[in-house]
**Student:** 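Please see the structure below; I have some questions.
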Amino acid sequence: MSEVIDRVKLEASWKEQLASEFDTEYMQALRAFLLQQKQAGKVIYPPGDEYFNAFNYTPFDQVKVVILGQDPYHGPGQAHGLCFSVPEGVRPPPSLKNIFKEINRDLGLPVPSHGCLTSWANQGVLLLNSVLTVEQATAGAHQKKGWEKFTDSVIRCVNDHQEGVVFMLWGSYAHKKGQFIDDTKHKVLRSVHPSPLSAHRGFLGCGHFSEANEYLATLGKGPIDWSLPS
């Protein structure tokens, strides 16, 4: 393995799967961009040691479900490397509130008092943003800098080397990532995005959480407990 990947804080099984990505030209360009942004005094979220938290909480061979987000939250203290999730003590953003509403409607589980989704990640839910960093107060600032290629490779990797994974693709941005998924060997669930702008056009009522657990049960896999510890 190269010296570059040796320095990356990335869980061992993912490091084995993705090692070659870190030597590509696009990743070298992405590293240079992020360094330049930091040197220019820009504030980047999440913190550097949390860029790859989605992978560190959910090892490659434990992935049961993939939820795909767009890019991290861009407010102070919100992003911690898991899509849609915020650390405990941070108010859940509107999209996450709608996710909780749908879980309550679908499964009858109480709406959580916080928005930290690490318990999902620990059960095999890969909470993957398409873009892993963002500039403070500037949504989408790090799009088209290379992260999308990296996360395309992640999805291909799960598609090619695993079977029976549930992919939850919410919104047109996530739907485009679906081109890499073989729906004859995985379960692909599509809906509009849970944001307040679109949730009432099909996300609320989609039933994805019960459908995911029913599919996992047909494969003899344990269900995801979609409740959150208080």
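Predicted model only: the values in this text are computed from it and were never measured.
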**Student:** To the closest 0.5 Å, what do you measure between OG (S20) and CE (M27)?
**Tutor:**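 Atom-to-atom, S20:OG and M27:CE are 10.5 Å apart.
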**Student:** Any sub-3.5 Å donor-acceptor pair from D71's side-chain atoms to A139's backbone N or O?
**Tutor:**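 No, the answer is negative, given that no donor and acceptor are paired below the 3.5 Å cut-off.
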**Student:** If I take atom CD from residue E148 and atom CD from residue Q70, how far apart are they, to the nearest 0.5 angstrom?
**Tutor:**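 Those atoms lie 9.0 Å apart.
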**Student:** Between F100 and W226 (judged by ring centroids, cut-off 6.0 Å), do the two rings come close enough to count as a pair?
**Tutor:**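 Centroid separation for F100 and W226: 6.0 Å or greater.
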**Student:** If you draw a 6.0 Å radius around CD in E25, do more than 12 non-hydrogen atoms from other residues or ligands fall strictly inside?
**Tutor:**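 Not more than 12 within 6.0 Å, no.
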**Student:** What about the rings of H80 and Y73, do their centers lie closer together than 6.0 Å?
**Tutor:**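 No, the ring centres sit 6.0 Å or more apart.
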**Student:** If we only count heavy atoms from C-beta on, is the I99 to F84 side-chain gap below 4.5 Å?
**Tutor:**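 I99 reaches F84 side chain to side chain.
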**Student:** Applying the ring pair (Phe, Tyr, Trp, His ring centres under 6.0 Å) test to W14, which of F55, Y57, F22 qualifies?
**Tutor:**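 The single option meeting the ring pair (Phe, Tyr, Trp, His ring centres under 6.0 Å) with W14 is F55.
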**Student:** Parallel under 30°, tilted from 30 to 60°, perpendicular over 60°: which one fits the rings of H208 and W170?
**Tutor:**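 Taking W170 first and then H208, their aromatic rings lie parallel (interplane angle under 30°).
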**Student:** Can you check whether L169's main-chain N or O pairs, donor with acceptor, with H175's side chain at less than 3.5 Å?
**Tutor:**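 Present.
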**Student:** I'd like to know if F203 and V125 are part of one continuous hydrophobic network [Ile/Leu/Val/Met/Phe/Trp/Tyr, side-chain heavy atoms within less than 4.5 Å].
**Tutor:**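 In one cluster: yes.
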**Student:** For the hydrophobic clusters of this structure (ILVMFWY residues joined by side-chain heavy atoms under 4.5 Å, transitively), does one cluster hold both V8 and L34?
**Tutor:**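 In one cluster with V8: L34, yes.
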**Student:** Does L127 share a hydrophobic cluster with V158, counting links as ILVMFWY side-chain heavy atoms below 4.5 Å and allowing steps through other members?
**Tutor:**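 Per the 4.5 Å side-chain linkage, L127 and V158 are not co-clustered.
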**Student:** Quick check: does any side chain N or O of H114 sit under 3.5 Å from a backbone N or O of P229, one acting as donor and the other as acceptor?
**Tutor:**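 Confirmed, H114 side chain pairs with P229 backbone.
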**Student:** Can any side-chain N or O of S153 pair as donor or acceptor with the backbone N or O of K149 at less than 3.5 Å?
**Tutor:**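 Yes, the answer is positive, given that a donor and an acceptor are paired below the 3.5 Å cut-off.
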**Student:** Compare every heavy atom of Q37 with every heavy atom of I44, then report the nearest pair and how far apart it is.
**Tutor:**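 Scanning both residues, the minimum pair turns out to be CD1-CB, 3.9 Å.
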**Student:** Taking all non-hydrogen atoms of both residues, which atom of I67 and which atom of C83 are closest, and how far apart?
**Tutor:**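 It is O-SG, 3.3 Å.
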**Student:** Can you hop from L96 to L107 via hydrophobic side chains spaced under 4.5 Å?
**Tutor:**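 As far as the 4.5 Å side-chain criterion goes, L107 and L96 are connected within one cluster.
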**Student:** Using side chain to side chain donor-acceptor pair (under 3.5 Å), reason through S130 and W147 one step at a time and then give a plain yes or no.
**Tutor:** CA-CA 7 Å; S130 177; W147 281 127; over 6 Å; no
**Student:** Only one of K145, R31, E21 forms a side-chain hydrogen bond (donor to acceptor under 3.5 Å, both in side chains) with Y26, so which one is it?
**Tutor:**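 It is E21, the one option of K145, R31, E21 that forms the side-chain hydrogen bond (donor to acceptor under 3.5 Å, both in side chains) with Y26.
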**Student:** What distance do Q17 atom CD and D61 atom CG have between them, rounded to the nearest 0.5 Å?
**Tutor:**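 Answer for the CD-CG pair, Q17 versus D61, is 9.0 Å.
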**Student:** What is the distance from atom OG of S227 to atom CG of N104, rounded to the nearest 0.5 Å?
**Tutor:**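 One gets 12.0 Å once the value is rounded to the nearest 0.5 Å.
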**Student:** With a 6.0 Å cut-off (strictly less than), is the heavy-atom count around NZ of K185, excluding the residue itself, greater than 12?
**Tutor:**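 Atom NZ in K185 is crowded, with more than 12 foreign heavy atoms closer than 6.0 Å.
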**Student:** For R105 and L204, what are the C-alpha separation, side-chain angles and deciding distance, and is it a side chain to side chain contact (heavy atoms under 4.5 Å, CB included)?
**Tutor:** CA-CA 8 Å; R105 186 210 64 79; L204 297 173; 5.8 Å; no
**Student:** Rounded to the nearest 0.5 Å, what separates atom CD in Q179 from atom CD1 in I181?
**Tutor:**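 If we round to the nearest 0.5 Å, Q179:CD and I181:CD1 are 9.5 Å apart.
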**Student:** Would you check, one step at a time, whether the test side chain to side chain donor-acceptor pair (under 3.5 Å) holds for Q136 with T138?
**Tutor:** CA-CA 6 Å; Q136 180 178 344; T138 313; over 6 Å; no
**Student:** Using side chain to side chain contact (heavy atoms under 4.5 Å, CB included), reason through Q78 and Y45 one step at a time and then give a plain yes or no.
**Tutor:** CA-CA 8 Å; Q78 290 182 306; Y45 298 135; over 6 Å; no
**Student:** Is there a donor-acceptor contact under 3.5 Å from the side chain of N53 to the main chain of L82?
**Tutor:**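 Answer holds: no.
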**Student:** Just how far is it from atom CG of L128 to atom NZ of K177, taken to the nearest 0.5 Å?
**Tutor:**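 Between L128 CG and K177 NZ, I get 7.0 Å after rounding to 0.5 Å.
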**Student:** Does R91 CZ have over 12 foreign heavy atoms under 6.0 Å away?
**Tutor:**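 For R91, atom CZ is not crowded (no more than 12 foreign heavy atoms under 6.0 Å).
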**Student:** Is there side-chain contact between F52 and E11, with at least one heavy-atom pair below 4.5 Å?
**Tutor:**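 Sidechains of E11 and F52: no contact.
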**Student:** Mind running side chain to side chain contact (heavy atoms under 4.5 Å, CB included) on Y173 and L68 for me, showing each step along the way?
**Tutor:** CA-CA 9 Å; Y173 195 89; L68 193 64; over 6 Å; no
**Student:** For this output row, return yes or no: ring centroids of H142 and Y51 closer than 6.0 angstrom.
**Tutor:**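 Ring centres of Y51 and H142 not closer than 6.0 Å.
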**Student:** For L126 and V154, which heavy atoms make the closest approach, and how far apart are they?
**Tutor:**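 For L126 and V154, the tightest heavy-atom pair comes out as CD2-CG1, 4.3 Å.
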**Student:** Counting C-beta onward and ignoring hydrogens, is there a side-chain heavy-atom pair between L30 and F150 closer than 4.5 Å?
**Tutor:**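 Counting from C-beta outward, L30 and F150 never come under 4.5 Å.
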**Student:** Can a donor-acceptor pair be found, under 3.5 Å and without considering hydrogens, that links the side chain of N213 to the backbone of I224?
**Tutor:**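 Yes: the side chain of N213 pairs with the backbone of I224.
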**Student:** Taking the side chain as every heavy atom from C-beta outward, state whether V63 and V66 have any pair of such atoms under 4.5 Å apart.
**Tutor:**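 The answer is yes; the side chains approach within 4.5 Å.
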**Student:** Do you know which two heavy atoms are closest between C206 and E211, and how far apart they sit?
**Tutor:**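 Taking C206 first and E211 second, the nearest heavy atoms are O-OE1, 4.4 Å.
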**Student:** Can you check whether W120 reaches L228 side chain to side chain, under 4.5 Å on heavy atoms?
**Tutor:**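 Yes - at least one pair of side-chain heavy atoms lies under 4.5 Å apart.
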**Student:** Considering non-hydrogen atoms only, spot the tightest contact between G164 and Y215 and give its length.
**Tutor:**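 Scanning both residues, the minimum pair turns out to be CA-OH, 3.3 Å.
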**Student:** Under 4.5 Å between side-chain heavy atoms, counting indirect links through other Ile/Leu/Val/Met/Phe/Trp/Tyr residues: same cluster for L109 and L117 or not?
**Tutor:**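 Same hydrophobic cluster.
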**Student:** Report yes if the side chains of C157 and F60 come closer than 4.5 Å at any heavy-atom pair, otherwise no.
**Tutor:**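 Touching, per the 4.5 Å side-chain cut-off.
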**Student:** Is there side-chain contact between P196 and N98, with heavy atoms separated by less than 4.5 Å?
**Tutor:**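 In contact.
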**Student:** If you compare all heavy atoms of N129 against all heavy atoms of L132, which two are closest, and at what distance to 0.1 Å?
**Tutor:**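 Minimum heavy-atom contact is O-CD2, 3.3 Å.
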**Student:** Side chain to side chain contact (heavy atoms under 4.5 Å, CB included), that's the test. Do K64 and V165 meet it? Break it down for me.
**Tutor:** CA-CA 5 Å; K64 292 181 176 180; V165 172; over 6 Å; no
**Student:** Just by distance, do the side chain of N159 and the backbone of D182 share a donor-acceptor pair under 3.5 Å?
**Tutor:**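 Answer holds: yes.
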**Student:** Test your reading of the model: is there a side-chain donor-acceptor pair from S198 to the backbone of H193, 3.5 Å cut-off?
**Tutor:**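 Yes, because the side chain of S198 sits within donor-acceptor range (under 3.5 Å) of the backbone of H193.
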**Student:** Quick one, D152 and R156 - any side-chain contact, counting heavy atoms below 4.5 Å?
**Tutor:**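 In contact.
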